[in-house]
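Notes follow once the structure below has been shown.
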There are 2 protein chains.
Amino acid sequence: MKILLVDDETELSDPLSRILLQEGYQVDVANNGAAGMNLALQNQYDLLILDWMLPHHSGIEICRSVRSHFLATPVLFLTAKDTVDDRVDGLDAGADDYLVKPFELRELLARVRALLRRSTLEMPNSDRLKVADLELDPDNQVVYRQGKAIDLSEKEIQLLTYFMEHPERLLTHEEIYRYLWQADEQPSSNVLAALVRLLRRKIEIKHETQLIHTVYGKGYRFGIN
Amino acid sequence: MKILLVDDETELSDPLSRILLQEGYQVDVANNGAAGMNLALQNQYDLLILDWMLPHHSGIEICRSVRSHFLATPVLFLTAKDTVDDRVDGLDAGADDYLVKPFELRELLARVRALLRRSTLEMPNSDRLKVADLELDPDNQVVYRQGKAIDLSEKEIQLLTYFMEHPERLLTHEEIYRYLWQADEQPSSNVLAALVRLLRRKIEIKHETQLIHTVYGKGYRFGIN
DNA sequence: CATCCACCAAGAGAATTTTCATGAGATTGT
DNA sequence: ACAATCTCATGAAAATTCTCTTGGTGGATG
């Protein structure tokens with residue numbers, strides 16, 4: 001379970017991150033909005049804990065931005081702002097929960113558990129993704145096909161991960177671009193096609209069953225059939 | 001969006017259910033635990049709003065029971081119990097959110113929106129159309145016939161979708177043309193015949209049962225027989 | 001410095017959609 | 001029943017759109 005904590009008050013984020021670590025979570029910390037935004041968009045967190053008031057980008061901006069990139073990561077706001085209007089604004093910006101400082105640590109941890117429980121409930125996937133005779137070990141950046149290990153580059157792993165997390169589904173170019181490159185995109189270049197080619201070269205050449213299917217004019221579909 | 005509200009205080013549940021209705025939700029109300037439990041297990045709700053203290057079964061029991069039946073329905077606790085321990089217990093029993101009475105209506109509605117937003121986000125559009133041994137997945141631009149996936153092009157999908165949405169019915173050329181091509185660009189030749197051929201080639205050749213029947217001089221009919 | 005990787009761009013190549021030519025089958029009137 | 005006429009199926013090719021391949025550049029890494 002990977003958590004991103006974005007808060008500029010180190011008096012709070014330091015001990016909090018330590019406690020979350022003790023609870024067994026992986027924790028990344030950012031202490032300004034810009035750093036938080038980048039981390040949130042570039043990594044796949046299971047939960048974002050955001051402060052509202054932040055230098056450079058507010059928590060709400062991060063939340064909106066994450067949501068607009070189709071990431072369903074749960075978001076917990078952690079803030080001193082405590083009018084009902086603030087809460088409504090935060091929740092309607094896409095937050096899943098809202099906790100007012102100062103808060104009791106136990107309640108925070110319970111809410112964190114509640115939010116994370118949901119994502120594991122709905123994704124009972126083990127961290128090793130398997131499709132057909134392909135097995136991806138994202139932590140160690142390796143895929144096995146027919147038992148043999150295949151080394152992949154960073155971008156290749158990212159793409160394959162995205163594919164394997166959504167098998168048998170049409171993934172549009174736009175969705176893939178958004179997942180792999182954080183900034184917005186215009187198909188001004190061919191990166192994706194090129195990347196797909198590299199991945200195919202490693203994954204499916206010499207193994208007759210095709211796994212990456214191109215859907216003309218739309219995107220790609222990954223899976224058997 | 002279907003909501004179950006379980007609360008024994010009708011002074012609260014009556015106006016609340018009315019407000020939720022006004023907001024456009026379908027609402028069922030139970031005013032004791034047993035009734036709530038039955039409704040929760042027998043129907044598919046998108047959200048449960050539970051009071052903690054209830055005659056017959058507590059909200060926590062309902063929550064545990066729902067969870068043990070592998071229903072991932074979000075649960076919002078609504079209660080007067082307001083120690084941190086209570087909150088932690090509620091959340092750890094499987095609740096997704098916890099709101100203390102008395103609460104502000106706007107905040108409740110915002111939290112309801114937040115919880116429902118999540119379930120629509122993660123719901124893949126599964127309006128799959130089935131006719132005979134054909135199953136169409138328009139979102140992913142695939143049809144399965146006898147379990148095997150067949151890739152279709154954009155126009156083929158559009159035509160097949162139209163067919164499968166109106167099985168066993170005569171669809172005139174004009175109707176089909178209107179559906180597939182905008183009014184401004186009316187193709188002048190026999191595109192439709194050509195397209196039908198392409199579709200037949202993929203769908204029914206090699207599978208003896210004919211699905212696309214031509215109605216001479218009128219149009220086509222899709223279905224068995 | 002050598003290597004690996006991400007990115008770019010352009011021509012080759014492939015898939016899709018439309019059009020055309022043609023023949024087979026259906027329909028109608030006589 | 002027969003011919004004239006209309007409609008559809010079919011294969012092939014043109015037009016269009018999109019993808020793949022390739023070679024190259026620059027930056028980061030070791």
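Computed from heavy atoms alone, side chains included, the values below leave out hydrogens, waters and symmetry copies. To find a chain, count down the sequence lines: A is the first, B the second, and so on, and within it residues start at 1. What you see is a predicted model, and the numbers here were worked out from it, not measured in a lab.
In this entry the distance linking CG of A/Asp151 with C1' of C/dT3 reads 15 Å, nearest Å. Nucleotide C/dC7 holds its P atom 12 Å from the CG atom of A/Leu159, rounded to whole Å. In this entry the distance linking CG of A/Leu195 with P of D/dT19 reads 15 Å, nearest Å. Atom P of nucleotide D/dT19 and atom CG of A/Leu171 are separated by 14 Å, given to the nearest angstrom. Nucleotide D/dC18 holds its C1' atom 13 Å from the CD atom of B/Gln141, rounded to whole Å. Rounded to whole angstrom, the span from the CZ atom of B/Arg201 across to the P atom of C/dT16 amounts to 12 Å. For the pair A/Leu152 CG and C/dA6 P, the computed distance is 10 Å after rounding to whole Å. Counting to the nearest Å, the P atom of D/dT29 and the CD atom of A/Glu154 are 12 Å from each other.
Atom NZ of A/Lys2 has more than 12 neighbouring heavy atoms from other residues, nucleotides or ligands inside a 6.0 Å radius.
Screening A/Phe103, A/Trp52, A/Tyr98 for a side-chain contact (heavy atoms from CB on, under 4.5 Å) involving A/Leu78 leaves a single residue, A/Phe103.
Dashed line: the shortest gap from a side-chain N or O of A/Thr214 to OP1 or OP2 of C/dA15 is not under 4.0 Å. For A/Arg197, a side-chain nitrogen or oxygen approaches OP1 or OP2 of D/dT22 to under 4.0 Å. Taking 4.0 angstrom as the limit, B/Trp181 places a side-chain polar atom (N or O) nearer than this to OP1 or OP2 of C/dT18. For the pair B/His173 and D/dC8, the criterion of a side-chain N or O lying under 4.0 Å from OP1 or OP2 is met. Regarding contacts with the backbone of C/dT18, a side-chain N or O of B/Lys155 is found under 4.0 angstrom from either OP1 or OP2.
Between A/Arg169 and B/Asp137, no side-chain nitrogen of the basic residue sits less than 4.0 Å from a carboxylate oxygen of the acidic one, so the salt-bridge criterion is not met.
Here the side chain of B/Val191 is nearest to one of C/dT18, D/dT22, C/dT16, namely C/dT18. Listed nucleotides: D/dA9, D/dC20, D/dT22. Nearest to the side chain of A/Ala194: D/dT22. Among C/dT17, D/dC8, D/dC20, the nucleotide with an atom closest to any side-chain atom of A/Tyr220 is D/dC20. Ranking C/dT17, D/dA9, D/dC20 by closeness to the A/Arg200 side chain, first place goes to D/dC20.
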Salt bridge (Lys or Arg N to Asp or Glu O under 4.0 Å), that's the test. Do B/Arg111 and A/Asp97 meet it? Break it down for me. CA-CA 8 Å; B/Arg111 287 189 183 272; A/Asp97 204 347; 2.9 Å; yes
Starting from the C-alpha separation in whole Å, work towards a yes-or-no answer on side-chain contact (heavy atoms from CB on, under 4.5 Å) for A/Val142 and A/Glu135. CA-CA 8 Å; A/Val142 193; A/Glu135 185 172 357; over 6 Å; no
Step by step, would you call B/Asp96 with B/Arg118 a salt bridge (Lys or Arg N to Asp or Glu O under 4.0 Å)? CA-CA 11 Å; B/Asp96 295 281; B/Arg118 181 138 296 270; over 6 Å; no
Evaluate side-chain contact (heavy atoms from CB on, under 4.5 Å) for A/Asp51 paired with A/Lys101, printing each intermediate quantity in order. CA-CA 10 Å; A/Asp51 191 8; A/Lys101 297 186 202 175; 3.6 Å; yes
Mind listing the N/O atom pairs, protein and nucleotides 24-28 of chain D, below 3.5 Å?
none

Any N/O pairs under 3.5 Å between the protein and nucleotides 21-30 of chain C? List them or say none.
from, atom 1, to, atom 2, distance (Å)
C/dG25, N2, B/Tyr216, OH, 2.8

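Between the NE2 atom in A/His173 and the CD1 atom in A/Ile176 there is a gap of 6.5 Å [rounded to 0.5 Å].
For B/Glu174, the salt bridge (charged side-chain N to carboxylate O under 4.0 Å, His left out) partners are B/Arg178, not counting sequence neighbours. Qualifying side-chain hydrogen bond (donor to acceptor under 3.5 Å, both in side chains) partners for A/Thr10, counting only residues two or more places apart in sequence or in other chains: none.
Pairs engaging residues 13-38 of chain A under the salt bridge (Lys or Arg N to Asp or Glu O under 4.0 Å) rule: none recorded [sequence neighbours left out].
The overall bend of the helix from C/dC1-D/dG30 to C/dT30-D/dA1, read as the angle between its terminal helix axes built from five base pairs each, is 30° when rounded to 10 degrees.
Smallest separation of non-hydrogen atoms from A/Val75 and A/Leu47: N-CD1, 4.4 Å.
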